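Encoded as structure tokens, the structure appears first; notes follow it.
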There are 2 protein chains.
Amino acid sequence: MRVKQIADALDISVDTVRYYTRIGLLVPNKSHNGYKYYRPADVTRLRFILSARSLGFSVNDIKEILVTSSQTNAPCPTVRRLIEKRLKETEQRYQDMHELRERMRLATSEWQNKPDQPPTADTICHLIEGFTALKS
Amino acid sequence: MRVKQIADALDISVDTVRYYTRIGLLVPNKSHNGYKYYRPADVTRLRFILSARSLGFSVNDIKEILVTSSQTNAPCPTVRRLIEKRLKETEQRYQDMHELRERMRLATSEWQNKPDQPPTADTICHLIEGFTALKS
DNA sequence: ATAAACCTGTGAGCAGCTCACAGGTCAACA
DNA sequence: TGTTGACCTGTGAGCTGCTCACAGGTTTAT
């Protein structure tokens with residue numbers, strides 16, 4: 001299969017396939033004309049990559065898992081260790097996003113009662129600076 | 001003030017100040033030796049930038065707000081328009097993060113009862129592939 | 001033969017910083 | 001005056017995970 005075929009088969013863009021290939025997650029054959037040819041094993045591998053991505057693993061995690069899996073026997077300990085780490089990060093970012101969302105909501109709600117004002121010598125936008133001053 | 005002084009004053013890294021300077025959000029004076037010197041107005045400006053960042057504005061948004069503020073009178077309409085857009089994006093990302101977190105939690109919980117297994121011909125990690133197969 | 005449609009790989013670009021690095025500045029001391 | 005050393009500087013590159021632009025190759029229809 002050439003890049004477009006494998007991309008269509010798994011419903012992703014050719015650029016994504018090329019990216020994974022470029023960083024070494026996929027290793028297709030090269031033909032005489034320079035085109036890259038993907039075999040069934042590469043489809044399995046790509047499917048695995050997509051599954052792992054959807055579980056929050058980074059491409060470097062995936063690279064590590066693939067290496068482990070090809071060297072030793074079971075990549076599972078690595079997988080368990082990595083997802084624990086990524087889950088913690090995700091919880092943190094989720095929390096951060098929550099706080100950001102609250103701040104943004106509060107700001108827009110407060111700004112509804114405030115008029116537009118031109119900037120002054122020490123204020124660029126009284127909405128933004130006023131809101132921050134209020135909260136800190 | 002030189003870069004380290006303004007960075008320390010606002011409790012951010014010199015690299016961040018330099019980054020904002022590089023992209024044109026800050027425009028310090030240049031002295032004979034090539035060093036950049038920041039004036040009080042730059043401190044106001046940087047404080048504004050940090051406030052806006054903490055409300056979810058992108059650096060490009062901020063650039064737009066600063067330009068508007070220096071040309072016309074009130075940047076407020078721009079600010080109101082932009083935060084609405086960013087808030088929508090934030091809600092979406094928050095939602096995505098929520099779903100990712102749920103998936104990750106579910107996976108780790110399910111994996112507790114499953115043993116490690118070596119890879120097979122068409123499976124790289126039965127934990128990951130098994131979980132995805134289950135959910136799709 | 002040739003024109004158009006489609007496909008290819010490579011290089012660069014995006015956000016928002018962060019890091020590495022070679023060299024400049026300046027106070028303290030010999 | 002010289003010099004060591006701490007600290008500071010700007011610039012260029014690197015990070016993640018793609019996405020886009022582009023010049024050129026391939027294939028198909030006429």
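Labels below follow one simple rule: chain letters A, B, ... track the order of the sequence lines, proteins then strands, and each chain is numbered from 1. Owing to the predicted nature of the structure, the values given are computational and were not obtained by experimental measurement.
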Practice task
Look at the side chain of Glu64(A) and the backbone N and O of Asn60(A), then say whether any donor-acceptor pair between them is shorter than 3.5 Å.
Solution key: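 Here the side-chain-to-backbone pair does not exist.
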
Problem - Check: Arg93(B) side chain, Met97(A) main-chain N or O, donor-acceptor pair, under 3.5 Å - result: no

Can you tell which of [options] lies closest to the side chain of [X]?
X: Thr16(A); options: dT9(D), dT10(C), dT19(D); value: dT19(D)
X: Arg22(A); options: dA12(C), dA15(C), dG16(C); value: dA12(C)
X: Val3(B); options: dG10(D), dT10(C), dC17(C); value: dG10(D)
X: Ser13(A); options: dT19(D), dG16(C), dT16(D); value: dT19(D)
X: Asp15(B); options: dT10(C), dT18(C), dC20(D); value: dT18(C)
X: Tyr35(B); options: dG24(C), dG17(D), dT11(D); value: dG24(C)
X: Lys4(A); options: dG16(C), dT10(C), dT8(C); value: dT8(C)

Exercise for the section: Assign each of Ser58(B) and Arg2(B) to its nearest nucleotide of DNA chain C by heavy atoms, then name whichever residue's nucleotide is nearer the 5' end. Expected result: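 Closest to the 5' end, via its nearest nucleotide, is Ser58(B).
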
Fill in the blank from the handout: Sorted by position of nearest nucleotide on DNA chain C, 5' first, the leading residue of Arg53(B) and Asn33(B) is Arg53(B)

Practice task
Answer yes or no: is there an ion pair linking Lys85(B) with Asp61(B), defined by an N-O contact shorter than 4.0 Å?
Solution key: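 Between Asp61(B) and Lys85(B) there is no salt bridge, as every charged N stays at least 4.0 Å from the carboxylate O atoms.
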
Exercise for the section: Would you please say whether a donor-acceptor pair under 3.5 Å links the side chains of Thr16(B) and Ser13(B)? Expected result: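 The criterion, which ignores hydrogens and geometry beyond distance, is satisfied for Ser13(B) and Thr16(B).
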
